[in-house]
Peer 1: 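Here it is: the structure, laid out below.
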Amino acid sequence: MSDNKKLVGKPDRSRISANEAYEVNYLAKKVGLPAPLVKKIIQQEGPQRTNVERYLRTMKANGK
């Protein structure tokens, strides 16, 4: 499903699309992990930004 660039706001910011390379690349750069790994985590944890970022913080804290 394509992202409608005209629909922006809180609902759009609270989700991450694993199918949008720019979203995956942004998050990968932000957390310092490779994009393919971040994409896999998004698919595993679901599109909610809070869940994905919580998982990534836990992963980095555990040294993985």
Side-chain angles (χ1 to χ4, degrees):
M1 185 161 122
S2 64
D3 190 14
N4 185 343
K5 306 294 186 215
K6 294 179 183 178
L7 298 176
V8 295
K10 187 175 179 177
D12 189 54
R13 286 187 208 105
S14 67
R15 300 171 87 60
I16 305 169
S17 174
N19 297 326
E20 297 289 347
Y22 70 94
E23 290 188 24
V24 175
N25 291 334
Y26 172 79
L27 185 57
K29 185 175 179 181
K30 179 179 174 182
V31 297
L33 294 171
L37 176 60
V38 172
K39 182 175 181 173
K40 183 178 177 182
I41 292 168
I42 294 168
Q43 291 169 339
Q44 174 186 323
E45 294 297 312
Q48 291 296 330
R49 182 174 298 276
T50 54
N51 295 346
V52 173
E53 289 182 350
R54 182 181 314 120
Y55 182 88
L56 291 170
R57 280 192 305 272
T58 302
M59 192 172 107
K60 287 193 87 164
N62 291 334
K64 294 183 180 180

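If you read the sequence from its start, that first residue is 1, and numbering goes on from there.
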Peer 1: Please list every donor-acceptor pair under 3.5 Å in which a side-chain atom of residues 45-59 meets a protein atom from a residue at least two apart or in another chain.
Peer 2:
| from | atom 1 | to | atom 2 | distance (Å) |
| --- | --- | --- | --- | --- |
| Arg49 | NE | Arg13 | O | 2.9 |
| Asn51 | OD1 | Arg54 | NH1 | 3.4 |
| Glu53 | OE2 | Lys30 | NZ | 3.2 |
| Thr58 | OG1 | Arg54 | O | 2.9 |

Peer 1: To the nearest 0.5 Å, what is the distance between NZ on Lys39 and CD on Glu20?
Peer 2: 10.0 Å

Peer 1: So which heavy atom on Pro34 is nearest to which on Ala28, and how close?
Peer 2: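 It is C-CB, 4.1 Å.
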
Peer 1: Under the side-chain contact (heavy atoms from CB on, under 4.5 Å) test against Val24, which residue among Val38, Leu37, Asn19 passes?
Peer 2: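 Answer after filtering Val38, Leu37, Asn19: Val38.
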
